[in-house]
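Each remark here refers to the structure printed beneath this line.
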Amino acid sequence: MKLGIHTHAWGGHFGGDTLYIIDRCKQLGMDFIEFPLMEIDAFDPVAVKARLEGAIEPTCSTIIPDPHWDIGSEDPACRQLGIDFLKGCIDKTRDVGATVFSGMCYCLPSKQVPPGYDPRAERSRCAAAVKEIARYAAQFGITVGIEPASRFSNHLVNTTGQGLDFLAEVDEPNTILHLDSFHMCYEERDFYKAVVAAGDKLGYFHMCGNDRGRPGYDDIIDWDGVFHGFLQVGFNGYLGFEGFDTTCKYIYRDIIGNPDDFARQSMAFADEMLKKYGYTRG
């Protein structure tokens with residue numbers, strides 16, 4: 001199992017002026033770093049790759065940051081802008097040397113829809129766009145992950161089951177499911193069953209406390225159920241910590257505290273769980 005962390009623990013922005021985060025992750029002993037690509041022009045893959053020095057693996061993720069880039073829109077021009085953005089993200093993922101691109105990259109986040117809205121046509125447009133992105137990514141050996149998120153984040157894919165249905169509609173072999181324990185708190189009744197339902201499509205997992213702080217036995221998540229599920233489905237992939245400091249959007253109180261401490265404490269708990277369930281690092 002690989003342990004890693006999202007750069008948002010150190011701030012909502014990542015660019016040439018925040019490369020020091022890579023040094024911190026090396027010192028902390030992380031196996032990988034998840035880089036956000038919402039500010040796509042600020043992300044210099046050559047500089048990032050040079051700073052990584054092959055010592056730590058990169059992964060990349062994004063949401064669709066501009067409502068004019070809605071890949072589910074009825075407007076073909078709008079959909080094309082979103083597809084172009086996501087292909088640009090794949091290019092950055094390739095150039096930094098990463099093989100995984102993931103996140104809530106399959107629809108416009110926090111989109112307002114009317115009560116009783118039927119999402120089927122929009123979901124099909126989104127699936128068609130992700131299919132095109134997955135085929136593009138496959139040329140470079142890149143896997144595309146779909147991260148179900150809570151009903152407060154999107155209206156299309158909230159649960160493991162919806163994620164699997166979406167992947168079935170995309171129907172490309174280089175796609176995986178990316179689960180997030182924080183979002184699962186809202187949408188799943190049973191952590192073990194949700195992980196087991198993901199089966200061999202599970203390829204990436206965000207390990208967060210129920211408050212989006214550090215994971216641990218003092219939060220309400222059934223971590224034994226999660227890790228029992230991992231063993232059941234044979235998951236041995238990317239286990240990442242996604243914390244956000246107060247410069248990040250929609251973060252109005254200090255949840256994680258010192259980011260280095262958040263990283264150390266999250267990793268210590270994850271290492272404890274890995275040992276308990278017979279996993280090895282790396």
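If you read the sequence from its start, that first residue is 1, and numbering goes on from there.
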- Item | Non-hydrogen side-chain atoms of Thr143 and Thr99 separated by less than 4.5 Å | no
- Charged N to carboxylate O under 4.0 angstrom, Asp84 versus Lys87? no
- Message: So, taking the atom named CE in Met104 and the one named CD1 in Ile63, what distance separates them when rounded to the nearest 0.5 Å?
- Response: 5.5 Å
- Output yes when Asp224 and Lys276 qualify as a salt bridge under the 4.0 Å nitrogen-oxygen rule, no when they do not. yes
- Message: Is it the case that over 12 heavy atoms from other parts of the model lie below 6.0 angstrom from the OH atom of Tyr250?
- Response: no
- Item | Ionic contact status for Lys111 with Glu122, cut-off 4.0 Å | yes
- Residue pairs passing the salt bridge (charged side-chain N to carboxylate O under 4.0 Å, His left out) test with at least one member in residues 233-248, sequence neighbours excluded, are Arg212-Glu242
- Candidate pair Phe43 and Val96, rule side chain to side chain contact (heavy atoms under 4.5 Å, CB included), full reasoning: CA-CA 10 Å; Phe43 185 83; Val96 80; 4.0 Å; yes
- Is Arg214 positioned over the aromatic face of Phe262, cation under 6.0 angstrom from the ring centre and no more than 45 degrees off axis? no
- Task: Indicate if Leu179 and Ile220 have the same hydrophobic cluster label, given that clusters are the connected sets of ILVMFWY residues with side-chain heavy-atom separations under 4.5 angstrom.
- Result: no
- Less than 4.5 Å apart, any side-chain heavy atom of Val195 and any of Leu202? yes
- Query: Which word best sums up how the rings of His6 and Phe244 line up, parallel for under 30°, tilted for 30 to 60°, or perpendicular for over 60°?
  - Reply: tilted
- Query: At what distance, to the nearest 0.5 angstrom, does CG of Leu86 lie from OH of Tyr136?
  - Reply: 11.5 Å
- Glu39 side, atom CD; Thr62 side, atom OG1 - distance, nearest 0.5 Å: 10.0 Å
- Message: side chain to side chain contact (heavy atoms under 4.5 Å, CB included) for Tyr279 and Leu231? Distances and angles first, verdict last.
- Response: CA-CA 9 Å; Tyr279 280 100; Leu231 285 178; 3.7 Å; yes
- Is it the case that one hydrophobic cluster holds both Phe182 and Met184, taking links as side-chain heavy atoms less than 4.5 Å apart, direct or via other members? no
- Answer with yes or no whether the hydrophobic clustering places Ile176 together with Phe166; edges join I, L, V, M, F, W, Y residues whose side-chain heavy atoms lie under 4.5 Å apart. no
- Message: Please determine whether a side-chain nitrogen of the Lys or Arg among Lys49 and Asp95 lies less than 4.0 Å from a carboxylate oxygen of the Asp or Glu.
- Response: no
- Note on the structure: Paired with Phe35, the ring-ring contact (aromatic ring centres under 6.0 Å, His included) test is passed by just one of Phe101, Trp10, Phe14, namely Phe14
- Task: Take Tyr192 and Gln232 through the side chain to side chain contact (heavy atoms under 4.5 Å, CB included) test and state the conclusion after the steps.
- Result: CA-CA 9 Å; Tyr192 170 77; Gln232 184 74 25; 3.7 Å; yes
- Query: Taking Ser61 as the fixed residue, which of His8, His206, His178, Glu34 is the one that meets the side chain to side chain donor-acceptor pair (under 3.5 Å) rule?
  - Reply: Glu34
- Which pairs pass salt bridge (charged side-chain N to carboxylate O under 4.0 Å, His left out) with one or both residues in residues 56-67, sequence neighbours excluded? Lys2-Glu57
- Task: Report yes or no: do Val113 and Tyr106 belong to one cluster of Ile/Leu/Val/Met/Phe/Trp/Tyr joined by side chain heavy-atom distances under 4.5 Å?
- Result: no
- Message: Any salt bridge linking Arg281 with Asp271? Criterion: basic side-chain nitrogen under 4.0 Å from a carboxylate oxygen.
- Response: yes
- Task: Say whether Ser102 and Tyr238, considering side chains only, have a donor N or O and an acceptor N or O under 3.5 Å apart.
- Result: no
- Item | Close side-chain approach of Phe205 to Asp180, heavy-atom, < 4.5 Å | no
- Separation between CD1 (Ile33) and CZ (Arg51), nearest 0.5 Å, reads 10.5 Å
- Task: Please lay out, stage by stage, how Cys107 and Val157 fare under the test side chain to side chain contact (heavy atoms under 4.5 Å, CB included).
- Result: CA-CA 9 Å; Cys107 69; Val157 180; over 6 Å; no
- Task: Verify the cluster assignment for Leu37 and Val46: are they in a single hydrophobic cluster under the rule of side-chain heavy atoms below 4.5 Å apart?
- Result: no
- Query: Atom CG of Asn174 and atom CD of Gln139: how far apart are they, to the nearest 0.5 Å?
  - Reply: 10.5 Å
- Counting only heavy atoms not in Glu74, do more than 12 fall under 6.0 Å of its CD? no
- Message: Quick check for you: to the nearest 0.5 Å, what is the distance between Asp75 atom CG and Arg125 atom CZ?
- Response: 10.0 Å
